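Everything quoted here is computed from the prediction, not taken from an experiment. Values below: every heavy atom of this structure, side chains too, minus hydrogens, waters and symmetry copies.
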Amino acid sequence: MGKNDNESHQQHEHNHINHSGHEGHHDHNHMNHSNHEMNQNHDHGHLKDEGHETHQHHNHREMNHDHKGHRGHGGHAGHHAHMIADFKKRFWVSLIFAIPISILSSMIQMLFGYEIHFSGDSFVLFILSTFVFFYGGKPFLQGAWDELKARAPGMMMLISLAIITAYVYSTLTTFFIEGSDFFFELATLIVIMLLGHWIEMKSIMGASKALEELIKLMPKEAHKIDAHGNIVEVSVEDLQPGDQTLVKSGEKVPLDGTIFEGESTIDESMLTGESVPIEKKPGMEAIGGSVNGSGVLKITVNKTGNDTYLSQVIQLVSEAENTKSKAQGYADIAAKWLFYVAVVCGIITLAYWVTTGDFEFALERMVTVLIIACPHALGLAGPLVISRSTSIAAKKGLLIRNRIAFESAYKVDRVVFDKTGTLTEGNFGVTDVYPVETVGEEELLKLAYSVEIQSDHPIAKGIVKEGKDRNLEMYDVKDYQNLTGKGLTANVNGAEVSVISPGAMKANNISFDEKTYEKLAAQGKTVVFVVKDDILQGMIALADIIRKSSYQVIKELRELGIETVMMTGDNSRVANYVGEQLGLSKVIAEVLPHEKSKYVKELKQGGKKVAMIGDGINDAPALAESDLGIAIGAGTDVAIETADVVLVNSNPNDILNILKLSKATSRKMFQNLVWAAGYNIFAIPLAAGVLIGLGIVITPAIGAVIMSLSTIICAINAQLLKID
């Protein structure tokens, strides 16, 4: 969720909390600075907290989610690695067995003009081929059974149709009927298909671990406050709504609840992707899984189990991923239609030639049709292109996790950006410096830099960074003092220098240029004032800095005719300012974390293809819901695990490379599939004996040669893939 730069200053004041026991070290709880402080009940910070409150009343109880039910989901990466190793092993073992099968094959002997015959040679060939069929063909046979049960024929059923036909017919010719065996075709088809699947699986990452990463965020234990006020260590699973818990400094909030005692800042970055800690006071909401800052909080548990915010995010991610996983890639679609063509042509071929009275010839023609219908090239056409594009992507800083989503990335009509950490850097920076006439800009910054150097608050860090970037020298500073609810003051070279909020300025009756302030506030910037001995020295405006690369990517996407949308939790004032600066097509502001996926779903209406770029846990459901989910590499693990593509260099500009590479990859994939399928269109009728009257018929030997040639052409074509 994008965040108003002012949000970190929730109550519109500049509050410095002095940490006892840490001399001179202050936590700088800056507040929101607004020109309408007395009327700001719709304060952006409050918006955020009220948003969570609203979220509580949002009924998601129909989401039947069980944390334990997802614990196995995290094993996908290990399962994927095991599958890669399994395909690799089956490939090499099958290849070793395929060598003697090829040597003993009568077709190979005829092609290369040699003869090897010994007693029982056909039986040895049968034994070797039987092993390859059951051992090497096992993954395809199992996959075909799954496709059959799902009534969705694809690559596995096409491969299985060919190898079962080849094995059964060859077994018959070995022991029962006259005819040529197809053991060579059986072995080479299995070996090449195993190679193709191994290459493809190596080229893409494992199944998403997003749900496991989400579950890891939840603490396992909590400090429960019993009826007598004693602290009891309990399992989080044992907590019930209404229970009171104690959250110490640095600990995670166990479950969603309401703070009833204590003040602190809470880091929700792991949940929302926001870099700025949020000040929390009694009456405010706390999300389970967020990290408490320096204070101690007492929280009344509101939600447990499926009702918690994190559980709902898990459920949304799970549902979106399950929906997306039903999509089919080009090779699957081609395989599905080739399966239907093979079955129909095989039946027609058998039916026709049976009428001639020669059943064995009719059977041989049908078997040849069914085997040729599954070209070796089809097994490698996709994997070789995927392997090549994955290699190019890695060099460009792109990590492809979902092949099918990536294949169709070039069709994207709308790109949705998160704001904070995506279009912006996620860190405050100085945008404007307005010294009074008698004070220079450098002097103003030196005063603020010297006072703020002790604070670790994001606003202070922004000022300190500016000071360091300008190589400013610090003044001798002592006697730090926390002005509760106002700001921070210190003795700088014998003068009292304060960095305070607009509220403190008004309270102290210090006048300032309200017109300039209004202009800065209207742009969603946070403004602090530097005062020396009760005399205004100037004002400094800060904001979450827009990435330089963001301007370029928005411009180029617009030129490609792609809509650019920013979706953020910021108030519309800040969001619209960023939108205007970048020239975005649309801005959707004040979006609660759990609502992002709903907006993505709406943007997909009308058949639009939507890509989403985000970096926070709150982006995970939207990333999963979108047609193409893109995670910023510097973002949270959950966002990365949910994404289809990860931008390793955290540069939004890389989305242009995704679109270019997707288009080039899809073009090569299509070329290879057309070539592979084209071979079938040419070969199947000849295998069926359409031109037998002219003496033209495809024998197994000729089929093998054409198959090999087709495969080589596909391999060369895949290597020619490149992008500018």
Sub-3.5 Å donor-acceptor pair from the side chain of Y410 to the main-chain atoms of A664, do we have one?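 Answer holds: no.
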
Between the main-chain N or O of V367 and the side-chain N or O of T165, is there a donor-acceptor pair closer than 3.5 Å?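 Between the backbone of V367 and the side chain of T165 there is no qualifying donor-acceptor contact (under 3.5 Å).
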
NZ-CG distance between K604 and D627, expressed to the nearest 0.5 angstrom: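 Separation between the atoms: 4.5 Å.
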
Quick check: do [X] and [Y] have side-chain heavy atoms less than 4.5 Å from each other?
X: K149; Y: D146; value: yes
X: L125; Y: T174; value: no
X: L398; Y: L647; value: yes

Passing candidate, side chain to side chain contact (heavy atoms under 4.5 Å, CB included) with T665, options I386, L721, I400, T390: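 By the side chain to side chain contact (heavy atoms under 4.5 Å, CB included) criterion, T665 pairs with just one of I386, L721, I400, T390: L721.
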
Atom [atom1] of residue position [X] - does it have more than 12 heavy atoms of other residues, nucleotides or ligands inside 6.0 Å?
X: Y135; atom1: OH; result: yes
X: F361; atom1: CZ; result: yes
X: F112; atom1: CZ; result: no

At their closest point, which heavy atom of [X] faces which heavy atom of [Y], and how far apart are they?
X: S662; Y: F406; value: OG-O, 2.7 Å
X: I372; Y: A687; value: CD1-CB, 3.9 Å
X: L673; Y: A334; value: CD2-CB, 4.4 Å

Angle between ring planes, F91 versus W198, binned at 30° and 60°: parallel, tilted or perpendicular?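 Geometry flag for W198 against F91: tilted rings.
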
Between H197 and F140, does the ring centroid distance fall short of 6.0 Å?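 They qualify: ring centres under 6.0 Å apart.
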
